[in-house]
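A short worksheet on the structure shown next.
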2 protein chains.
Amino acid sequence: MNAPMSIQSCGNCGLSSMWALTQLEMNRLGGIIKKSSPYQRGESIFRQGDAFSSIYAVRAGMVKTTVVNANGAEQITGFYFPGELLGLNGLHEKAYLGTAMALETVSVCEIPFAKLDELSAMLPELRRQLMCRMSQEIADEQNMMLVLAKTSAEEKLGSFLLRLSHRFKRLGFSDTQFRLTMLRVDIGNYLGLAVETVSRTLTKLQQRSVIKVEGKEVTILDIAGLTFLNSNGEQSAKPIALD
Amino acid sequence: MNAPMSIQSCGNCGLSSMWALTQLEMNRLGGIIKKSSPYQRGESIFRQGDAFSSIYAVRAGMVKTTVVNANGAEQITGFYFPGELLGLNGLHEKAYLGTAMALETVSVCEIPFAKLDELSAMLPELRRQLMCRMSQEIADEQNMMLVLAKTSAEEKLGSFLLRLSHRFKRLGFSDTQFRLTMLRVDIGNYLGLAVETVSRTLTKLQQRSVIKVEGKEVTILDIAGLTFLNSNGEQSAKPIALD
DNA sequence: CGCATGTTTGACGATACTCAATGTGTGTGG
DNA sequence: CCACACACATTGAGTATCGTCAAACATGCG
């Protein structure tokens with residue numbers, strides 16, 4: 001089992017590389033950030049319903065967020081990589097809308113939101129970065145909605161793998177070979193597929209030499225093949241436009 | 001054909017009711033908002049790839065947003081009601097990530113983002129409201145992801161109708177009887193279902209007296225029935241937790 | 001080693017997609 | 001005003017895909 005991935009630590013916290021702030025701004029930001037002790041696999045960083053107080057930046061390791069729906073079933077809402085922010089959805093309800101759980105050994109920085117808000121009044125660049133990150137979160141989720149709206153299991157899994165690939169690349173890791181930290185059942189839950197379908201589809205893609213799978217290790221052999229799975233031009237809504 | 005729904009107009013713009021700001025703050029905000037002429041069905045408010053400059057608040061009518069994916073197919077990413085904000089996802093790329101199109105006669109307010117940003121440094125409550133709205137957008141989208149991750153067409157459509165119901169209620173309209181502004185094909189595209197499946201599922205739910213459908217008019221007869229469709233406790237990921 | 005957890009594979013049936021035809025409504029022009 | 005064209009919606013028949021159930025197979029851990 002290899003070490004969980006991490007971003008370069010620097011200054012108070014591993015955050016400066018992603019926030020693009022000046023030294024002064026970083027110092028101010030660093031002043032309000034609390035470093036927390038690492039979480040072990042299965043431990044939760046916050047829980048659904050807890051009062052919202054802070055957002056969290058993942059420093060190392062991968063986190064999954066889940067909600068319990070009306071039927072009492074647990075549904076995964078996201079996987080979070082180092083450098084990504086947790087808890088942004090809790091602000092408007094003043095409570096966390098889901099539970100964040102470590103998938104492996106995880107290190108996070110806690111950023112008290114009230115202080116971040118005050119600070120953002122004084123530091124324009126920090127404010128813009130924060131907005132920007134929230135905007136990105138919105139965009140990422142729309143992207144995920146596109147994945148989920150695909151009709152075939154192959155497309156869903158293909159898009160899922162490509163998304164992972166992009167995020168590993170952004171972290172400086174290989175975008176063609178990586179480790180699926182989460183379980184097959186998690187992938188299925190996240191994508192709205194049965195576990196067995198996940199397994200079978202991975203096997204099928206492997207047989208076609210689009211990917212190689214060895215347990216949790218995945219190698220992407222044919223990115224184009226993965227991108228254009230089942231690419232029948234259908235399933236699109238025609239524009240009303242006259243415009 | 002009835003008039004498109006709208007929020008109460010007030011002051012410069014119909015926004016104050018949703019922003020919970022003081023009169024002074026509203027005046028300052030009103031000073032930067034541009035009212036735009038109405039858009040007709042099929043006209044676009046902004047287009048995918050356009051440079052990001054403003055966010056838009058829907059005042060009246062319904063808007064759909066779409067993206068064109070790798071295969072050149074159009075995919076719907078959202079339907080927007082009066083009082084909701086468009087374009088928030090464009091900030092981090094400095095370009096709109098999708099096209100926003102009027103589904104009926106639509107009126108919007110344009111809010112130049114650069115000015116909003118400046119203003120938010122001076123008005124703490126405005127800043128918090130803005131963050132709060134972005135947080136809500138994130139939460140709404142996660143909610144939608146839950147809908148899409150459902151495995152059965154019935155559940156997807158049921159949840160879709162319930163979401164619409166809640167939003168109509170928030171606007172002061174009936175939450176049990178409303179009009180589907182969008183086409184069946186749009187619903188299918190949005191939910192990852194074939195048009196025929198949308199049609200058949202609506203019929204099936206009607207036969208079971210859960211809803212009543214007459215063309216675009218929908219009446220919800222049994223909210224509980226709609227909420228707990230196909231509620232087999234399965235399809236959930238078991239927590240790893242020891243914790 | 002043995003148990004628990006996770007993954008894969010097989011067989012079967014239900015669900016949803018495809019193709020095709022038929023309804024239904026709406027607006028246009030004769 | 002009606003006939004027609006067009007876009008949209010529904011329904012039917014056949015098929016592929018995916019979910020379910022069950023069993024075998026791996027993997028990790030005490």
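All chains are named by letter (A, B, ...) in the order of the sequence lines, taking the proteins before the strands, and each is independently numbered beginning at 1.
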Check whether any side-chain nitrogen or oxygen of [X] sits under 4.0 Å from OP1 or OP2 of [N], and answer yes or no.
| X | N | result |
| --- | --- | --- |
| Thr203(A) | dT9(C) | yes |
| Thr151(B) | dT15(C) | no |
| Lys216(B) | dA9(D) | yes |
| Thr197(B) | dA16(C) | no |

No-H, no-angle donor-acceptor pair, [X] side chain to [N] base, under 3.5 Å:
| X | N | value |
| --- | --- | --- |
| Arg200(A) | dT20(D) | yes |
| Arg41(B) | dT26(C) | no |
| Glu154(A) | dC18(D) | no |

Distance in angstrom units between [X] [atom1] and [N] [atom2], rounded:
| X | N | atom1 | atom2 | value |
| --- | --- | --- | --- | --- |
| Asn189(B) | dC8(D) | CG | P | 14 Å |
| Arg179(B) | dG25(C) | CZ | P | 13 Å |
| Glu155(A) | dC18(D) | CD | C1' | 15 Å |
| Glu196(A) | dC12(C) | CD | P | 16 Å |
| Leu183(A) | dA26(D) | CG | P | 19 Å |
| Gln207(A) | dT9(C) | CD | C1' | 11 Å |
| Glu217(A) | dG6(C) | CD | P | 18 Å |
| Leu202(B) | dC8(D) | CG | P | 17 Å |

- Message: Would you say Asn189(B) and Glu74(B) are linked by a side-chain donor-acceptor pair, where the criterion is simply a distance under 3.5 Å?
- Response: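 There is no such pair (donor and acceptor under 3.5 Å, judged by atom type) between the side chains of Glu74(B) and Asn189(B).
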
- Would you say the side-chain atoms of Thr77(B) and Thr65(B) include a donor-acceptor pair closer than 3.5 Å?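 Thr65(B) and Thr77(B) do have a side-chain donor-acceptor pair below 3.5 Å.
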
- Ala153(A) or Val213(B): which one's nearest nucleotide on DNA chain D is closer to the 5' end?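 Per heavy-atom nearest nucleotide, the more 5' residue is Val213(B).
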
- Applying the side-chain contact (heavy atoms from CB on, under 4.5 Å) test to Ile211(A), which of Thr203(A), Thr176(A), Leu161(A) qualifies?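 Among Thr203(A), Thr176(A), Leu161(A), the one meeting side-chain contact (heavy atoms from CB on, under 4.5 Å) with Ile211(A) is Leu161(A).
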
- Message: Side chain of Val195(A), heavy atoms from C-beta onward: which of dC17(C), dT8(C), dG19(D) has the nearest atom to it?
- Response: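 Comparing dC17(C), dT8(C), dG19(D) against the side chain of Val195(A), the answer is dT8(C).
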
- Item | Near-ring test Phe178(B)/Phe173(B), centroid separation under 6.0 angstrom | no

- Message: Using the ring centroid of each side chain, check whether Phe81(A) and Phe168(A) are separated by less than 6.0 Å.
- Response: yes

